[in-house]
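First comes the structure, then the notes that go with it.
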2 protein chains.
Amino acid sequence: MKTRAQQREETRHLIIEAAVQVFSDRGFHGASTRDIATRAGVNQGLLTYHFKNKDELWRAAADRIFLELRAQMAARRDALQGEAPRHIVREITKTYVRFAAACPELFRFMVEEGKHPGPRMRWLVDTHLKPTYEEFFQYAPIEENLRPHVFYTLAGAASTIFAVAPECKRLMGYNPTTKQAIETHAEYVTNLLLP
Amino acid sequence: MKTRAQQREETRHLIIEAAVQVFSDRGFHGASTRDIATRAGVNQGLLTYHFKNKDELWRAAADRIFLELRAQMAARRDALQGEAPRHIVREITKTYVRFAAACPELFRFMVEEGKHPGPRMRWLVDTHLKPTYEEFFQYAPIEENLRPHVFYTLAGAASTIFAVAPECKRLMGYNPTTKQAIETHAEYVTNLLLP
DNA sequence: CATTTTACTGGTCATTCGACCTATGAAACA
DNA sequence: TGTTTCATAGGTCGAATGACCAGTAAAATG
């Protein structure tokens, strides 16, 4: 027998996972709450019950992705405390590449919302991107006016191949989501940006 | 006074330009034909008249973007005929970065459709991506099994900062679409990938 | 055991979607 | 000049959308 609290969290989790998928697949406007409910195996009315509206559900989905990324990066940073800053940045970068591979939705959310101003973009920047950005450059000794170029070069270089994996498969017959391909990409990108 | 043919092409052009904007803003499912018609300043019924349906309009918009990119890259390649391959690849790369800055819709289309299999993804790969890909590696001496990593690293590194320019402005107070920022990025990315 | 709370269901609402249709008037043509 | 062609306007269709609401049953509470 399940307690109410357990059942509640289980259902919310199902919905959020489905929301991450659908929002990253179709973007905010293209995603339908009915589609999310169907993928979660849940009644559509439940979305309004657990999350007030589509916006709040979107924020829950974004939280799910970005909090996990930030947790993994922080964990890696803490595990390497005391090591040389250069080594720490390199390892954080590899962590980021591996996360981009495991969770391509991250980059899709970023591109989807980063392309036009709006409340969701502002929320995403202020809530998750700013902390991630500041954390990263705390260890990377990059001169101020080059940072935007480095940051977005890294973000794009690390994520794109995984974000468009189906396209990559058709274009070159290469599956970038294998363990080996992910490590190859992590090495390649890290050596490129932080030699 | 305008001839019918002139008027026809003018209207089609207005619609395609609006379609490029809306599709890249909202993705295929999120874009509405009514929104496209409004932005083009034409009646909605005209979209069905000039382009049979939403799919065909999307292909016309994709053509508009990718044919221009391929034309600019080919022009640069032809202008440098006889030069060292290394120099040609570097210049083609810079051309690509500049295009990504002038037309961020390119990358948005690529990510939007590349993330899931489907008829639009297949059409995009077979019609435009395959030729671009083969053209590029004709001049870049990269070993076969690293090409996917190089290709998508370049695509992401070159485009992301421009594709999410509004986000970049809010995150770092940096406008990546100035002439100087574009050239900085072109130099940075080119030296990174093709030193 | 009696009562309250709450996770969940099924259905409804106005609105918006893509596609389609007919009417019209001006350009093209005979 | 009279006739045909066709780019465009306006309106309509069923289907899908996000939000909302009353009803239900089971867990929590006393």
Side-chain angles (χ1 to χ4, degrees), chain A residues 1-62 109 112-113 116 118-120 123, chain B residues 1-62 109 112-113 116 118-120 123:
Chain A
M1 187 180 72
K2 278 178 228 170
T3 72
R4 273 228 270 248
Q6 279 176 329
Q7 182 62 41
R8 180 187 172 86
E9 282 315 302
E10 200 172 298
T11 303
R12 285 178 61 99
H13 181 259
L14 278 176
I15 294 173
I16 290 176
E17 288 305 309
V20 165
Q21 290 300 318
V22 178
F23 278 130
S24 89
D25 253 29
R26 309 267 238 226
F28 182 81
H29 289 98
S32 85
T33 56
R34 277 173 176 81
D35 195 5
I36 294 171
T38 302
R39 289 212 205 184
V42 141
N43 190 287
Q44 190 240 349
L46 266 187
L47 303 210
T48 325
Y49 176 71
H50 283 292
F51 311 89
K52 203 176 56 191
N53 51 34
K54 200 179 175 183
D55 272 274
E56 197 176 295
L57 176 56
W58 179 88
R59 279 194 292 275
F109 264 69
E112 172 67 26
E113 294 304 330
H116 38 53
R120 287 187 303 280
W123 180 90
Chain B
M1 187 181 73
K2 281 177 223 167
T3 71
R4 271 228 271 249
Q6 278 175 330
Q7 182 63 41
R8 180 189 172 87
E9 282 315 302
E10 201 171 297
T11 302
R12 285 178 61 99
H13 181 258
L14 279 176
I15 295 173
I16 289 176
E17 288 304 310
V20 166
Q21 290 299 319
V22 178
F23 279 130
S24 90
D25 253 29
R26 308 267 237 224
F28 182 82
H29 290 98
S32 84
T33 57
R34 279 173 174 81
D35 194 6
I36 293 171
T38 303
R39 288 213 205 184
V42 303
N43 189 285
Q44 190 239 352
L46 266 187
L47 304 211
T48 324
Y49 177 72
H50 284 291
F51 311 89
K52 202 175 58 192
N53 50 34
K54 200 179 175 181
D55 272 276
E56 197 176 295
L57 176 57
W58 179 89
R59 278 194 293 274
F109 263 70
E112 172 69 26
E113 295 305 329
H116 39 54
R120 287 188 302 281
W123 180 89

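Side chains are part of it too, since the values below use all heavy atoms of this structure and drop only hydrogens, waters and symmetry mates. Residue numbering restarts at 1 for every chain, and letters A, B, ... go by the order of the sequence lines.
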Can you tell me how the ring of B:Phe23 sits relative to the ring of B:Phe109, calling it parallel under 30°, perpendicular over 60° and tilted otherwise?
perpendicular
Could you run down the sub-3.5 Å N/O contacts of the protein with nucleotides 20-26 of chain C?
none

Distance in Å, B:Thr33 OG1 paired with B:Leu46 CG, rounded so as to fall on 0.5 Å steps
11.5 Å
In residues 7-38 of chain A, what residues come within less than 4.0 Å of DNA chain C, judged by heavy atoms?
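A:Gln7, A:Arg8, A:Thr11, A:Arg34 - these, ordered by number, are the residues of the stretch whose heavy atoms sit under 4.0 Å from the strand.
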For the pair made of [atom1] in [X] and [atom2] in [N], what is the distance, rounded to whole Å?
X: A:Phe51; N: D:dG18; atom1: CZ; atom2: C1'; answer: 16 Å
X: A:Asn43; N: D:dA19; atom1: CG; atom2: P; answer: 15 Å
X: B:Lys54; N: C:dC17; atom1: NZ; atom2: C1'; answer: 8 Å
X: B:Gln6; N: C:dA27; atom1: CD; atom2: P; answer: 12 Å
X: A:Leu47; N: D:dA19; atom1: CG; atom2: P; answer: 10 Å

How would you list all residue pairs meeting salt bridge (charged side-chain N to carboxylate O under 4.0 Å, His left out) that involve residues 20-38 of chain A, not counting sequence neighbours?
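Qualifying pairs: A:Asp25-A:Arg39, A:Asp35-A:Arg39.
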Can you see if the side chain of A:Tyr49 gets near the phosphate of C:dA7 - specifically, an N or O under 4.0 Å from OP1 or OP2?
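Yes, such a contact exists.
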Residues in side chain to side chain donor-acceptor pair (under 3.5 Å) with [X], at least two apart?
X: A:Glu56; value: none
X: B:Glu17; value: B:Arg64
X: A:Ser32; value: none

Apply side chain to side chain contact (heavy atoms under 4.5 Å, CB included) to A:Ile15 and A:Arg12, showing your working.
CA-CA 5 Å; A:Ile15 294 173; A:Arg12 285 178 61 99; 5.8 Å; no
Taking the side chain as every heavy atom from C-beta outward, state whether B:Val42 and B:Leu47 have any pair of such atoms under 4.5 Å apart.
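A side-chain contact under 4.5 Å exists here.
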